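Here is the structure we will look at, set down as C-alpha coordinates.
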There are 2 protein chains.
Amino acid sequence: MSQTKQGLAFTPLYRQVRDMLVQRLIDGAWTPGSMIPSEFQLAAELGVSQGTVRKALDAMTAEHLLVRRQGRGTFVALPEESRILFQFFRLIADDGTRIFPESRVMDRQLAPASADERALLGLGIDEAVWRIDRVRSLGGTPVISEQITLPAIRFEGLAAMETIPNNVYALYSEHFGITIGKATEKLKAGAADARTAARLGCTAGDPLLVIERLATALDDTPVEHRVSYCRTANFHYRLDL
Amino acid sequence: MSQTKQGLAFTPLYRQVRDMLVQRLIDGAWTPGSMIPSEFQLAAELGVSQGTVRKALDAMTAEHLLVRRQGRGTFVALPEESRILFQFFRLIADDGTRIFPESRVMDRQLAPASADERALLGLGIDEAVWRIDRVRSLGGTPVISEQITLPAIRFEGLAAMETIPNNVYALYSEHFGITIGKATEKLKAGAADARTAARLGCTAGDPLLVIERLATALDDTPVEHRVSYCRTANFHYRLDL
DNA sequence: AAGTGGTCTAGACCACTAA
DNA sequence: TAGTGGTCTAGACCACTTC
(Lines give C-alpha, C1' and ligand atoms only; values in the text may rest on other atoms or scores of the structure.)
Protein backbone atom coordinates (compact mmCIF):
# COMPACT_ATOMS: atom_id res chain seq x y z
CA MET A 1 0.00 0.00 0.00
CA SER A 2 2.78 2.46 -0.82
CA GLN A 3 3.96 4.20 -3.95
CA THR A 4 6.65 6.65 -5.00
CA LYS A 5 4.93 9.92 -5.72
CA GLN A 6 7.18 11.02 -8.57
CA GLY A 7 6.54 10.07 -12.17
CA LEU A 8 3.62 10.81 -14.44
CA ALA A 9 1.37 7.97 -13.34
CA PHE A 10 0.88 8.91 -9.71
CA THR A 11 -2.38 7.57 -8.31
CA PRO A 12 -3.45 8.75 -4.85
CA LEU A 13 -3.89 6.10 -2.24
CA TYR A 14 -7.59 6.82 -1.75
CA ARG A 15 -8.06 6.27 -5.47
CA GLN A 16 -6.27 2.91 -5.30
CA VAL A 17 -8.46 1.96 -2.37
CA ARG A 18 -11.57 3.05 -4.28
CA ASP A 19 -10.51 0.93 -7.27
CA MET A 20 -9.89 -2.11 -5.07
CA LEU A 21 -13.28 -1.77 -3.42
CA VAL A 22 -15.03 -1.33 -6.79
CA GLN A 23 -13.29 -4.54 -7.87
CA ARG A 24 -15.03 -6.32 -5.00
CA LEU A 25 -18.33 -5.16 -6.45
CA ILE A 26 -17.33 -6.33 -9.93
CA ASP A 27 -16.24 -9.72 -8.56
CA GLY A 28 -19.47 -10.07 -6.66
CA ALA A 29 -17.64 -10.37 -3.35
CA TRP A 30 -19.93 -7.61 -2.12
CA THR A 31 -23.47 -7.99 -3.37
CA PRO A 32 -26.18 -5.32 -3.72
CA GLY A 33 -27.94 -4.68 -0.44
CA SER A 34 -25.28 -6.18 1.77
CA MET A 35 -23.44 -4.24 4.44
CA ILE A 36 -19.70 -3.78 3.94
CA PRO A 37 -17.10 -3.72 6.75
CA SER A 38 -16.70 -0.58 8.81
CA GLU A 39 -14.14 2.07 7.95
CA PHE A 40 -11.80 0.88 10.70
CA GLN A 41 -12.00 -2.75 9.62
CA LEU A 42 -11.22 -1.84 6.01
CA ALA A 43 -8.42 0.47 7.10
CA ALA A 44 -6.81 -2.29 9.17
CA GLU A 45 -7.25 -4.85 6.40
CA LEU A 46 -5.74 -2.60 3.70
CA GLY A 47 -3.05 -1.09 5.88
CA VAL A 48 -4.15 2.52 5.41
CA SER A 49 -5.68 5.07 7.71
CA GLN A 50 -9.37 5.36 8.39
CA GLY A 51 -9.41 8.81 6.77
CA THR A 52 -8.14 7.38 3.50
CA VAL A 53 -10.80 4.68 3.51
CA ARG A 54 -13.40 7.34 4.18
CA LYS A 55 -12.30 9.34 1.17
CA ALA A 56 -12.62 6.24 -1.02
CA LEU A 57 -16.07 5.41 0.39
CA ASP A 58 -17.21 9.02 -0.07
CA ALA A 59 -16.20 8.85 -3.73
CA MET A 60 -18.13 5.62 -4.22
CA THR A 61 -21.14 7.15 -2.49
CA ALA A 62 -21.00 10.09 -4.91
CA GLU A 63 -21.02 7.53 -7.75
CA HIS A 64 -24.18 6.00 -6.24
CA LEU A 65 -22.37 2.70 -5.74
CA LEU A 66 -22.74 2.76 -1.96
CA VAL A 67 -25.27 4.12 0.49
CA ARG A 68 -24.11 5.24 3.93
CA ARG A 69 -26.40 5.54 6.90
CA GLN A 70 -25.20 7.04 10.14
CA GLY A 71 -25.39 4.61 13.02
CA ARG A 72 -26.21 1.66 10.72
CA GLY A 73 -23.37 1.12 8.31
CA THR A 74 -22.37 1.30 4.66
CA PHE A 75 -24.35 -0.73 2.12
CA VAL A 76 -23.93 -1.70 -1.52
CA ALA A 77 -26.50 0.28 -3.50
CA LEU A 78 -29.54 -1.54 -4.86
CA PRO A 79 -31.04 -0.79 -8.29
CA GLU A 80 -34.31 0.04 -6.62
CA GLU A 81 -36.93 2.33 -8.05
CA SER A 82 -36.07 5.27 -5.86
CA ARG A 83 -32.44 5.17 -6.95
CA ILE A 84 -33.30 4.80 -10.65
CA LEU A 85 -35.73 7.64 -10.32
CA PHE A 86 -33.03 9.79 -8.81
CA GLN A 87 -30.06 8.84 -10.96
CA PHE A 88 -31.36 7.68 -14.32
CA PHE A 89 -34.89 8.80 -14.94
CA ARG A 90 -35.02 12.54 -15.49
CA LEU A 91 -38.45 12.94 -17.07
CA ILE A 92 -40.63 14.90 -14.69
CA ALA A 93 -44.22 16.08 -14.85
CA ASP A 94 -44.52 19.79 -15.54
CA ASP A 95 -46.00 20.28 -12.09
CA GLY A 96 -42.80 18.85 -10.59
CA THR A 97 -44.09 15.37 -9.71
CA ARG A 98 -41.68 12.47 -10.10
CA ILE A 99 -43.31 9.16 -11.01
CA PHE A 100 -41.71 5.84 -11.88
CA PRO A 101 -43.06 4.80 -15.29
CA GLU A 102 -44.86 1.51 -16.01
CA SER A 103 -43.74 -0.47 -19.04
CA ARG A 104 -45.38 -2.63 -21.67
CA VAL A 105 -43.05 -4.75 -23.77
CA MET A 106 -44.17 -4.79 -27.42
CA ASP A 107 -41.44 -6.98 -28.86
CA ARG A 108 -38.29 -8.89 -27.94
CA GLN A 109 -35.90 -10.32 -30.52
CA LEU A 110 -32.52 -11.97 -30.74
CA ALA A 111 -30.70 -10.90 -33.90
CA PRO A 112 -27.22 -10.43 -35.37
CA ALA A 113 -25.79 -7.06 -34.33
CA SER A 114 -25.74 -4.32 -36.94
CA ALA A 115 -22.52 -2.44 -37.63
CA ASP A 116 -23.74 0.48 -35.52
CA GLU A 117 -24.66 -1.76 -32.65
CA ARG A 118 -21.30 -3.52 -32.79
CA ALA A 119 -19.48 -0.20 -32.65
CA LEU A 120 -21.59 1.14 -29.78
CA LEU A 121 -21.48 -2.00 -27.67
CA GLY A 122 -17.94 -3.05 -28.56
CA LEU A 123 -18.98 -6.35 -30.12
CA GLY A 124 -17.22 -8.66 -32.59
CA ILE A 125 -18.36 -9.33 -36.12
CA ASP A 126 -20.42 -12.44 -35.37
CA GLU A 127 -22.06 -11.36 -32.14
CA ALA A 128 -25.78 -11.09 -31.56
CA VAL A 129 -27.91 -8.64 -29.65
CA TRP A 130 -31.24 -8.63 -27.88
CA ARG A 131 -33.62 -5.93 -28.97
CA ILE A 132 -36.41 -4.96 -26.63
CA ASP A 133 -39.14 -2.64 -27.76
CA ARG A 134 -41.45 -1.19 -25.16
CA VAL A 135 -43.85 1.60 -24.34
CA ARG A 136 -43.68 3.39 -21.02
CA SER A 137 -46.53 5.21 -19.35
CA LEU A 138 -46.59 7.89 -16.70
CA GLY A 139 -49.76 8.09 -14.68
CA GLY A 140 -51.59 5.89 -17.17
CA THR A 141 -50.71 7.83 -20.34
CA PRO A 142 -48.18 6.40 -22.79
CA VAL A 143 -45.32 8.89 -22.96
CA ILE A 144 -42.20 7.02 -24.07
CA SER A 145 -41.52 4.55 -26.87
CA GLU A 146 -38.09 3.03 -26.48
CA GLN A 147 -35.82 0.43 -28.04
CA ILE A 148 -33.21 -1.25 -25.86
CA THR A 149 -30.25 -3.16 -27.30
CA LEU A 150 -28.21 -5.61 -25.21
CA PRO A 151 -25.19 -7.78 -26.08
CA ALA A 152 -26.58 -11.35 -26.24
CA ILE A 153 -23.44 -12.82 -24.72
CA ARG A 154 -23.97 -11.02 -21.44
CA PHE A 155 -27.68 -11.90 -21.21
CA GLU A 156 -27.76 -15.59 -22.04
CA GLY A 157 -30.70 -16.56 -19.87
CA LEU A 158 -32.97 -13.92 -21.32
CA ALA A 159 -34.60 -16.25 -23.85
CA ALA A 160 -36.02 -18.35 -21.03
CA MET A 161 -37.60 -15.45 -19.23
CA GLU A 162 -41.35 -15.19 -19.57
CA THR A 163 -41.62 -11.48 -18.96
CA ILE A 164 -39.31 -8.55 -18.74
CA PRO A 165 -39.86 -6.51 -15.60
CA ASN A 166 -40.41 -2.80 -15.52
CA ASN A 167 -37.12 -2.01 -13.80
CA VAL A 168 -34.59 -3.55 -16.19
CA TYR A 169 -31.59 -2.38 -14.18
CA ALA A 170 -32.83 -4.50 -11.30
CA LEU A 171 -33.14 -7.37 -13.82
CA TYR A 172 -29.57 -6.89 -15.03
CA SER A 173 -28.34 -6.92 -11.46
CA GLU A 174 -30.37 -9.77 -10.03
CA HIS A 175 -30.42 -12.21 -12.95
CA PHE A 176 -27.22 -11.40 -14.82
CA GLY A 177 -24.95 -9.98 -12.13
CA ILE A 178 -24.45 -6.76 -14.05
CA THR A 179 -24.47 -3.45 -12.22
CA ILE A 180 -24.92 -0.31 -14.29
CA GLY A 181 -22.44 2.25 -13.04
CA LYS A 182 -22.60 5.18 -15.41
CA ALA A 183 -24.51 6.27 -18.48
CA THR A 184 -24.19 8.97 -21.11
CA GLU A 185 -27.21 10.53 -22.76
CA LYS A 186 -27.49 12.50 -25.98
CA LEU A 187 -30.67 14.51 -26.50
CA LYS A 188 -32.14 15.70 -29.76
CA ALA A 189 -35.51 16.77 -31.08
CA GLY A 190 -37.16 14.48 -33.62
CA ALA A 191 -40.46 13.94 -35.37
CA ALA A 192 -42.82 11.09 -34.56
CA ASP A 193 -43.13 8.41 -37.21
CA ALA A 194 -46.51 6.75 -37.79
CA ARG A 195 -45.86 3.77 -35.53
CA THR A 196 -44.56 5.86 -32.63
CA ALA A 197 -47.37 8.37 -33.04
CA ALA A 198 -49.93 5.57 -32.81
CA ARG A 199 -48.29 4.24 -29.68
CA LEU A 200 -48.14 7.57 -27.94
CA GLY A 201 -51.49 8.84 -29.08
CA CYS A 202 -50.18 11.76 -31.07
CA THR A 203 -49.91 12.66 -34.76
CA ALA A 204 -47.12 11.59 -37.10
CA GLY A 205 -44.67 14.46 -37.43
CA ASP A 206 -45.27 15.73 -33.91
CA PRO A 207 -42.03 16.76 -32.20
CA LEU A 208 -40.58 14.24 -29.75
CA LEU A 209 -37.64 14.41 -27.37
CA VAL A 210 -35.18 11.75 -28.51
CA ILE A 211 -32.88 10.42 -25.80
CA GLU A 212 -30.04 8.11 -26.76
CA ARG A 213 -28.37 6.41 -23.79
CA LEU A 214 -25.28 4.27 -23.54
CA ALA A 215 -24.98 2.63 -20.14
CA THR A 216 -21.80 0.97 -18.88
CA ALA A 217 -21.06 -1.61 -16.20
CA LEU A 218 -18.78 -1.06 -13.22
CA ASP A 219 -15.77 -2.04 -15.32
CA ASP A 220 -16.73 0.64 -17.87
CA THR A 221 -17.68 -1.83 -20.60
CA PRO A 222 -20.84 -0.91 -22.54
CA VAL A 223 -23.90 -2.95 -21.54
CA GLU A 224 -27.00 -1.25 -22.84
CA HIS A 225 -27.91 1.03 -25.70
CA ARG A 226 -31.29 2.68 -25.58
CA VAL A 227 -33.20 5.18 -27.68
CA SER A 228 -36.26 6.74 -26.11
CA TYR A 229 -38.85 8.83 -27.94
CA CYS A 230 -40.70 10.99 -25.46
CA ARG A 231 -43.84 13.07 -25.74
CA THR A 232 -43.12 16.19 -23.76
CA ALA A 233 -46.58 17.74 -23.82
CA ASN A 234 -46.96 17.39 -20.05
CA PHE A 235 -43.46 16.31 -19.06
CA HIS A 236 -39.95 17.70 -19.27
CA TYR A 237 -36.39 16.52 -18.84
CA ARG A 238 -34.86 18.32 -15.88
CA LEU A 239 -31.27 19.05 -15.11
CA ASP A 240 -29.28 21.18 -12.68
CA LEU A 241 -26.15 22.93 -13.86
CA MET B 1 -16.75 29.27 15.66
CA SER B 2 -18.44 26.68 17.87
CA GLN B 3 -21.92 25.20 18.04
CA THR B 4 -23.82 22.68 20.12
CA LYS B 5 -24.37 19.63 17.95
CA GLN B 6 -27.78 18.69 19.32
CA GLY B 7 -31.03 20.04 17.93
CA LEU B 8 -32.56 19.82 14.49
CA ALA B 9 -30.70 22.72 12.91
CA PHE B 10 -27.16 21.42 13.20
CA THR B 11 -24.88 22.86 10.53
CA PRO B 12 -21.38 21.41 10.22
CA LEU B 13 -18.51 23.79 10.73
CA TYR B 14 -17.20 23.34 7.18
CA ARG B 15 -20.63 24.35 5.89
CA GLN B 16 -20.62 27.48 8.04
CA VAL B 17 -17.16 28.31 6.73
CA ARG B 18 -18.32 27.70 3.17
CA ASP B 19 -21.29 30.03 3.68
CA MET B 20 -19.06 32.74 5.15
CA LEU B 21 -16.66 32.52 2.23
CA VAL B 22 -19.51 32.59 -0.32
CA GLN B 23 -20.71 35.73 1.44
CA ARG B 24 -17.37 37.35 0.65
CA LEU B 25 -18.03 36.63 -3.01
CA ILE B 26 -21.54 38.08 -2.76
CA ASP B 27 -20.23 41.19 -1.02
CA GLY B 28 -17.54 41.60 -3.63
CA ALA B 29 -14.77 41.39 -1.04
CA TRP B 30 -13.24 38.71 -3.24
CA THR B 31 -13.53 39.54 -6.93
CA PRO B 32 -13.41 37.14 -9.89
CA GLY B 33 -9.86 36.28 -10.88
CA SER B 34 -8.27 37.32 -7.61
CA MET B 35 -6.31 34.96 -5.38
CA ILE B 36 -7.77 34.26 -1.96
CA PRO B 37 -5.74 33.68 1.22
CA SER B 38 -4.11 30.31 1.78
CA GLU B 39 -5.79 27.56 3.75
CA PHE B 40 -3.62 28.24 6.80
CA GLN B 41 -4.32 31.96 6.74
CA LEU B 42 -8.08 31.39 6.51
CA ALA B 43 -7.93 28.74 9.23
CA ALA B 44 -6.11 31.12 11.57
CA GLU B 45 -8.43 33.98 10.76
CA LEU B 46 -11.60 31.95 11.31
CA GLY B 47 -10.30 29.97 14.27
CA VAL B 48 -10.80 26.54 12.70
CA SER B 49 -8.40 23.89 11.52
CA GLN B 50 -6.84 23.84 8.08
CA GLY B 51 -8.70 20.61 7.28
CA THR B 52 -12.05 22.26 7.87
CA VAL B 53 -11.15 25.16 5.61
CA ARG B 54 -10.06 22.68 2.96
CA LYS B 55 -13.41 20.93 3.08
CA ALA B 56 -15.19 24.26 2.57
CA LEU B 57 -12.88 25.22 -0.31
CA ASP B 58 -13.35 21.80 -1.92
CA ALA B 59 -17.12 22.26 -1.81
CA MET B 60 -16.84 25.68 -3.45
CA THR B 61 -14.52 24.23 -6.09
CA ALA B 62 -17.14 21.58 -6.86
CA GLU B 63 -19.66 24.40 -7.32
CA HIS B 64 -17.28 26.03 -9.82
CA LEU B 65 -16.97 29.09 -7.59
CA LEU B 66 -13.25 28.65 -7.04
CA VAL B 67 -10.35 27.27 -9.02
CA ARG B 68 -7.44 25.68 -7.19
CA ARG B 69 -4.01 25.23 -8.71
CA GLN B 70 -1.33 23.30 -6.95
CA GLY B 71 1.70 25.44 -6.16
CA ARG B 72 -0.06 28.66 -7.18
CA GLY B 73 -3.06 29.24 -4.97
CA THR B 74 -6.85 29.36 -4.91
CA PHE B 75 -8.62 31.82 -7.21
CA VAL B 76 -12.15 33.14 -7.59
CA ALA B 77 -13.57 31.59 -10.77
CA LEU B 78 -13.97 33.79 -13.84
CA PRO B 79 -16.98 33.53 -16.19
CA GLU B 80 -14.60 32.80 -19.05
CA GLU B 81 -15.53 30.90 -22.17
CA SER B 82 -13.87 27.68 -21.13
CA ARG B 83 -15.82 27.59 -17.88
CA ILE B 84 -19.14 28.44 -19.55
CA LEU B 85 -18.45 25.77 -22.15
CA PHE B 86 -17.84 23.27 -19.41
CA GLN B 87 -20.57 24.19 -16.95
CA PHE B 88 -23.41 25.80 -18.88
CA PHE B 89 -23.22 25.07 -22.58
CA ARG B 90 -24.05 21.43 -23.25
CA LEU B 91 -24.76 21.50 -26.98
CA ILE B 92 -22.07 19.50 -28.74
CA ALA B 93 -21.42 18.64 -32.38
CA ASP B 94 -22.35 15.07 -33.24
CA ASP B 95 -18.67 14.32 -33.87
CA GLY B 96 -17.92 15.32 -30.27
CA THR B 97 -16.43 18.78 -30.93
CA ARG B 98 -17.17 21.49 -28.38
CA ILE B 99 -17.36 25.01 -29.81
CA PHE B 100 -18.32 28.24 -28.10
CA PRO B 101 -21.19 29.77 -30.10
CA GLU B 102 -21.14 33.26 -31.63
CA SER B 103 -24.20 35.44 -31.06
CA ARG B 104 -26.15 38.01 -33.03
CA VAL B 105 -28.57 40.15 -31.06
CA MET B 106 -31.80 40.68 -32.99
CA ASP B 107 -33.68 42.77 -30.48
CA ARG B 108 -33.42 44.31 -27.03
CA GLN B 109 -36.38 45.78 -25.17
CA LEU B 110 -37.29 47.17 -21.79
CA ALA B 111 -40.90 46.29 -20.90
CA PRO B 112 -43.22 45.68 -17.94
CA ALA B 113 -42.86 42.13 -16.69
CA SER B 114 -45.62 39.69 -17.56
CA ALA B 115 -47.24 37.63 -14.84
CA ASP B 116 -45.15 34.59 -15.84
CA GLU B 117 -41.96 36.60 -15.77
CA ARG B 118 -42.78 38.05 -12.38
CA ALA B 119 -43.38 34.59 -10.98
CA LEU B 120 -40.20 33.13 -12.46
CA LEU B 121 -37.93 36.00 -11.49
CA GLY B 122 -39.59 36.84 -8.19
CA LEU B 123 -40.56 40.36 -9.19
CA GLY B 124 -43.16 42.77 -7.84
CA ILE B 125 -46.25 43.92 -9.70
CA ASP B 126 -44.76 47.09 -11.18
CA GLU B 127 -41.32 45.82 -12.09
CA ALA B 128 -39.85 45.82 -15.58
CA VAL B 129 -37.67 43.35 -17.45
CA TRP B 130 -35.14 43.44 -20.24
CA ARG B 131 -35.85 41.07 -23.10
CA ILE B 132 -32.97 40.11 -25.32
CA ASP B 133 -33.59 38.16 -28.49
CA ARG B 134 -30.60 36.65 -30.25
CA VAL B 135 -29.45 33.98 -32.68
CA ARG B 136 -26.44 31.84 -31.90
CA SER B 137 -24.28 30.08 -34.46
CA LEU B 138 -21.94 27.17 -34.18
CA GLY B 139 -19.21 27.01 -36.79
CA GLY B 140 -20.98 29.64 -38.91
CA THR B 141 -24.43 27.98 -39.03
CA PRO B 142 -27.30 29.45 -37.02
CA VAL B 143 -28.38 26.76 -34.56
CA ILE B 144 -30.06 28.46 -31.61
CA SER B 145 -32.72 31.13 -31.35
CA GLU B 146 -33.07 32.33 -27.78
CA GLN B 147 -34.92 34.85 -25.67
CA ILE B 148 -33.34 36.08 -22.46
CA THR B 149 -35.29 37.86 -19.73
CA LEU B 150 -33.57 39.89 -17.00
CA PRO B 151 -34.99 41.89 -14.06
CA ALA B 152 -34.48 45.52 -15.06
CA ILE B 153 -33.68 46.59 -11.51
CA ARG B 154 -30.54 44.48 -11.43
CA PHE B 155 -29.32 45.64 -14.84
CA GLU B 156 -29.79 49.41 -14.73
CA GLY B 157 -26.86 50.36 -16.93
CA LEU B 158 -27.94 48.10 -19.77
CA ALA B 159 -29.80 50.85 -21.69
CA ALA B 160 -26.53 52.73 -22.13
CA MET B 161 -24.65 49.78 -23.56
CA GLU B 162 -24.05 49.88 -27.29
CA THR B 163 -23.72 46.18 -27.81
CA ILE B 164 -24.33 43.05 -25.84
CA PRO B 165 -21.32 40.73 -25.83
CA ASN B 166 -21.43 37.10 -26.75
CA ASN B 167 -20.66 35.85 -23.25
CA VAL B 168 -23.47 37.42 -21.23
CA TYR B 169 -22.35 35.78 -17.97
CA ALA B 170 -19.08 37.68 -18.26
CA LEU B 171 -21.20 40.81 -18.83
CA TYR B 172 -23.32 40.16 -15.74
CA SER B 173 -20.17 39.71 -13.69
CA GLU B 174 -18.04 42.57 -15.00
CA HIS B 175 -20.65 45.30 -15.48
CA PHE B 176 -23.31 44.42 -12.93
CA GLY B 177 -21.40 42.53 -10.25
CA ILE B 178 -23.66 39.51 -10.58
CA THR B 179 -22.16 36.02 -10.51
CA ILE B 180 -24.31 33.18 -11.80
CA GLY B 181 -23.94 30.31 -9.37
CA LYS B 182 -26.42 27.67 -10.42
CA ALA B 183 -29.00 27.09 -13.11
CA THR B 184 -31.85 24.66 -13.74
CA GLU B 185 -32.82 23.55 -17.22
CA LYS B 186 -36.05 21.99 -18.48
CA LEU B 187 -35.91 20.32 -21.89
CA LYS B 188 -38.80 19.63 -24.23
CA ALA B 189 -39.32 19.01 -27.90
CA GLY B 190 -41.18 21.68 -29.86
CA ALA B 191 -42.00 22.67 -33.41
CA ALA B 192 -40.38 25.62 -35.16
CA ASP B 193 -42.64 28.62 -35.79
CA ALA B 194 -42.23 30.60 -39.00
CA ARG B 195 -39.94 33.23 -37.52
CA THR B 196 -37.65 30.76 -35.80
CA ALA B 197 -37.54 28.56 -38.90
CA ALA B 198 -36.46 31.54 -41.01
CA ARG B 199 -33.73 32.36 -38.53
CA LEU B 200 -32.37 28.85 -38.32
CA GLY B 201 -32.74 28.00 -41.99
CA CYS B 202 -35.25 25.21 -41.51
CA THR B 203 -38.94 24.70 -42.21
CA ALA B 204 -41.81 25.78 -39.99
CA GLY B 205 -42.98 22.75 -38.03
CA ASP B 206 -39.54 21.16 -37.88
CA PRO B 207 -38.78 19.68 -34.46
CA LEU B 208 -36.56 21.77 -32.19
CA LEU B 209 -35.02 21.11 -28.83
CA VAL B 210 -36.49 23.66 -26.42
CA ILE B 211 -34.34 24.48 -23.41
CA GLU B 212 -35.77 26.62 -20.64
CA ARG B 213 -33.19 27.84 -18.16
CA LEU B 214 -33.54 29.67 -14.86
CA ALA B 215 -30.19 30.91 -13.57
CA THR B 216 -29.63 32.15 -10.03
CA ALA B 217 -27.01 34.34 -8.40
CA LEU B 218 -24.75 33.30 -5.52
CA ASP B 219 -27.46 34.22 -3.03
CA ASP B 220 -29.90 31.91 -4.87
CA THR B 221 -32.08 34.75 -6.15
CA PRO B 222 -33.24 34.31 -9.78
CA VAL B 223 -31.35 36.48 -12.25
CA GLU B 224 -31.96 35.22 -15.74
CA HIS B 225 -34.70 33.35 -17.56
CA ARG B 226 -33.86 31.99 -20.98
CA VAL B 227 -35.64 29.91 -23.59
CA SER B 228 -33.48 28.44 -26.34
CA TYR B 229 -34.80 26.80 -29.51
CA CYS B 230 -32.11 24.54 -30.95
CA ARG B 231 -31.79 22.78 -34.27
CA THR B 232 -30.32 19.43 -33.44
CA ALA B 233 -29.64 18.17 -36.96
CA ASN B 234 -25.88 18.14 -36.37
CA PHE B 235 -25.70 18.82 -32.65
CA HIS B 236 -26.90 17.18 -29.47
CA TYR B 237 -27.28 17.98 -25.81
CA ARG B 238 -24.96 15.74 -23.84
CA LEU B 239 -25.19 14.61 -20.27
CA ASP B 240 -23.51 12.08 -18.00
CA LEU B 241 -25.57 10.22 -15.45
C1' DA C 1 -23.93 0.08 26.11
C1' DA C 2 -21.80 -0.92 21.81
C1' DG C 3 -20.99 -0.03 17.10
C1' DT C 4 -21.53 2.77 13.19
C1' DG C 5 -20.79 6.92 10.30
C1' DG C 6 -20.00 12.32 10.72
C1' DT C 7 -17.07 16.00 12.15
C1' DC C 8 -12.96 18.29 13.64
C1' DT C 9 -8.27 18.75 14.85
C1' DA C 10 -3.03 18.77 14.52
C1' DG C 11 0.74 17.62 12.19
C1' DA C 12 3.62 15.42 8.68
C1' DC C 13 5.38 14.99 4.09
C1' DC C 14 4.99 15.37 -1.11
C1' DA C 15 4.35 17.92 -5.60
C1' DC C 16 4.04 21.97 -8.07
C1' DT C 17 5.03 26.93 -9.07
C1' DA C 18 7.41 31.10 -8.99
C1' DA C 19 10.97 34.10 -7.55
C1' DT D 1 14.11 28.49 -1.64
C1' DA D 2 9.66 29.68 -0.02
C1' DG D 3 4.87 29.23 -0.44
C1' DT D 4 1.01 26.93 -2.18
C1' DG D 5 -2.27 23.07 -2.66
C1' DG D 6 -2.54 17.60 -2.40
C1' DT D 7 -2.21 13.53 0.35
C1' DC D 8 -1.99 10.77 4.44
C1' DT D 9 -2.03 9.79 9.21
C1' DA D 10 -3.67 9.37 14.19
C1' DG D 11 -6.76 10.44 17.39
C1' DA D 12 -10.70 12.74 19.55
C1' DC D 13 -15.51 13.54 20.17
C1' DC D 14 -20.45 13.75 18.50
C1' DA D 15 -24.86 11.81 16.55
C1' DC D 16 -27.54 8.05 15.25
C1' DT D 17 -29.12 3.21 15.39
C1' DT D 18 -29.67 -1.10 17.45
C1' DC D 19 -29.63 -4.21 21.20
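Chain identifiers are assigned alphabetically (A, B, ...) following the order of the sequence lines, protein sequences preceding nucleic acid strands; residue numbering begins at 1 within each chain. Here the structure is a predicted model, which is why all the values come from computation and not from measurement.
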* Counting side-chain heavy atoms from C-beta on, which of D/dT7, C/dT7, D/dT9 comes nearest to B/Pro12? -> C/dT7
* To do: Look at the aromatic rings of B/Tyr169 and B/Phe88 and report parallel, tilted or perpendicular, splitting at 30° and 60°.
  => perpendicular
* A/Thr52 side chain N/O closer than 4.0 Å to the phosphate oxygens (OP1, OP2) of D/dT7? -> no
* Atom-to-atom span, CZ of B/Arg15 to C1' of C/dC8 - whole angstrom -> 18 Å
* Out of D/dT9, C/dC8, C/dT7, whichever nucleotide has its closest atom nearest the side chain of B/Lys55 -> C/dT7
* Is a salt bridge present between A/Lys186 and A/Glu212, judged by a nitrogen-to-oxygen distance below 4.0 Å? -> no
* Give the rounded distance in Å between these two atoms: CZ of A/Phe75 and C1' of C/dG3. => 12 Å
* In whole angstrom, what separates A/Gln50's CD from C/dA10's C1'? -> 15 Å
* **With A/Glu63, the side chain to side chain donor-acceptor pair (under 3.5 Å) member among A/Arg18, A/Lys182, A/Gln87** => A/Arg18
* **B/Arg154 with B/Glu224: basic N within carboxylate O range, under 4.0 Å** => no
* Shortest side-chain distance from A/Tyr14, nucleotide among C/dT7, D/dC8, C/dT9 -> D/dC8
* Asked: Is the shortest side-chain N to carboxylate O distance from B/Arg136 to B/Glu146 below 4.0 Å?
  -> yes
* **First of A/Ser49 and B/Asp58 reached from the 5' end of DNA chain D, by closest nucleotide** => B/Asp58
Please produce a list of atom pairs where a protein N or O lies less than 3.5 Å from an N or O of nucleotides 2-5 of chain D.
| unit_1 | atom_1 | unit_2 | atom_2 | d |
| --- | --- | --- | --- | --- |
| D/dG3 | N2 | B/Gly71 | O | 2.9 |
| D/dT4 | O2 | B/Gly71 | N | 3.3 |
| D/dG5 | OP1 | B/Thr74 | OG1 | 3.0 |
| D/dG5 | OP2 | B/Glu39 | N | 3.3 |
| D/dG5 | N2 | B/Gln70 | NE2 | 3.1 |

* Angle class for the A/Phe155/A/Tyr172 ring planes (parallel below 30°, perpendicular above 60°, tilted otherwise)? -> perpendicular
